[in-house]
Amino acid sequence: RGALLAFTAWTAGWVLAATLLLRAHPGVLSERCTNEKSRRILAALCQDYRGGALAGDLCEDLCVAGKLLFQRCLHYNRGKKVLQADWRGRPVVLKSKEEAFSSFPPLSLLEEEAGEGGQDIPEAELLLMVAGEVKSALGLELSNSSLGPWWPGRRGPRWRGQLASLWALLQQEEYVYFSLLQDLSPHVLPVLGSCGHFYAVEFLAAGSPHHRALFPLDRVPGAPGGGQAKAISDIALSFLDMVNHFDSDFSHRLHLCDIKPENFAIRSDFTVVAIDVDMAFFEPKMREILEQNCTDDEDCNFFDCFSRCDLRVNKCGAQRVNNNLQVICDKIFRHWFSAPLKSSAVSFQLQLQLQEAVQECADPEVPSGNTRRDAPSVFWKLRQLLQATLRELQEAEK
């Protein structure tokens, strides 16, 4: 019996260790990203296109004209495939949540209309199905007039493939977010086109903890050397603009629950762009995610989005108690401003004030049981200090 208990305890220990490892590093079980397999995936996509199973405005360039050319595999992560390609001389990224088109559940209306190629599906019924899938992805009810980005276009010879492809794309939350926000925000990637279940977005070099400044500033004009302090200040201001934009400019607040350098990129004008929004949620869906059973506060942490456990009912509160700004200060700004900027042009007093403001932002003192929806005072303090930093740097250049 003693040996059995010891074995059980040993097994439980390893299971717990493995669970914690996967929670901290979910990519450990990801497939190896290879160019050979990526080419096979795209070959299968084109085979389905030629067979009429799928369609898209990029299929002809990818599968027939040779104007959309695979370059390299970027990464595979829990089924998601991310590939770099060249489209008519422009670097793009091809993305899909799944490898194969057949991995996505088919549109039931198409199954019922198999003999008609989907041509007889009533528009009202199709609109209802699209609205339902968009609501499932976003947690929002949109008006029919807002569904334009996801309408399959005119009925024609490839209508069935268009509908099947649209349905596969709608089951990918990131595609739905990009499509909705591309005309509303400079801080998200626009969708350039699609073929089947793969969609294309602009290629931008992602951030990385391996970069000294988190982002490849050597690719940004004016950033190398003495311009690094200015570049970092500009990027930090763009992060603040993004936070304010996501908090205030939509009908519901947009929460980012996986904030790390790899999920952002910067344009040549220092605009911050969210390039991976798999873990972004509007307020209604965020509340639904957070409101779970719990025994302590740690059970209420959903990646970077935290709630608190109400021990009276053993339920997590639906209200998020931290915010996008707090996590950005902790995971991005601390890296830049915990030590003096690499520029003697910025006064010591200003650098110290900036360090203190970042510390205040990342570790706000909130009385137990209270929630902190936003931090307008620290937001404006950071903004003013960063603008003052830029002014001192500009004065030093004269």
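None of these values were measured; they are calculated from a predicted model.
- Pairing of Cys361 with Cys329 by a disulfide is supported, the SG atoms lying closer than 2.5 Å.
- Classification of Arg40 and Glu36 as a salt-bridged pair holds, one side-chain N sitting under 4.0 Å from a carboxylate O.
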- Query: Hey, mind stepping through Arg253 and Glu283 against salt bridge (Lys or Arg N to Asp or Glu O under 4.0 Å) and telling me if it holds?
  - Reply: CA-CA 5 Å; Arg253 178 172 299 190; Glu283 182 74 22; 5.1 Å; no
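- A salt bridge is defined here as a Lys NZ or Arg NE, NH1 or NH2 lying under 4.0 Å from an Asp or Glu carboxylate O, and Asp86 with Arg90 fails to meet this definition.
- Using a 4.0 Å cut-off between charged side-chain N and carboxylate O, Lys67 and Glu60 make no salt bridge.
- Under the 2.5 Å SG-SG cutoff, Cys46 and Cys59 do not qualify as a close cysteine pair.
- The residues Lys331 and Asp304 are annotated as salt-bridged, a charged nitrogen and a carboxylate oxygen being separated by less than 4.0 angstrom.
- In the displayed structure, Glu141 atom CD is contacted under 6.0 Å by at most 12 heavy atoms of other residues, nucleotides or ligands.
- A salt bridge is defined here as a Lys NZ or Arg NE, NH1 or NH2 lying under 4.0 Å from an Asp or Glu carboxylate O, and Glu174 with Lys80 meets this definition.
- The residues Lys37 and Glu31 are annotated as salt-bridged, a charged nitrogen and a carboxylate oxygen being separated by less than 4.0 angstrom.
- Listed by first and then second residue, the salt bridge (charged side-chain N to carboxylate O under 4.0 Å, His left out) pairs involving residues 181-207 are Glu202-Arg267 (not counting sequence neighbours).
- The neighbour count for Gln47 CD, taken as heavy atoms of other residues, nucleotides or ligands under 6.0 Å away, does not exceed 12.
- Cys pair Cys309/Cys294: SG-SG separation is below 2.5 Å.
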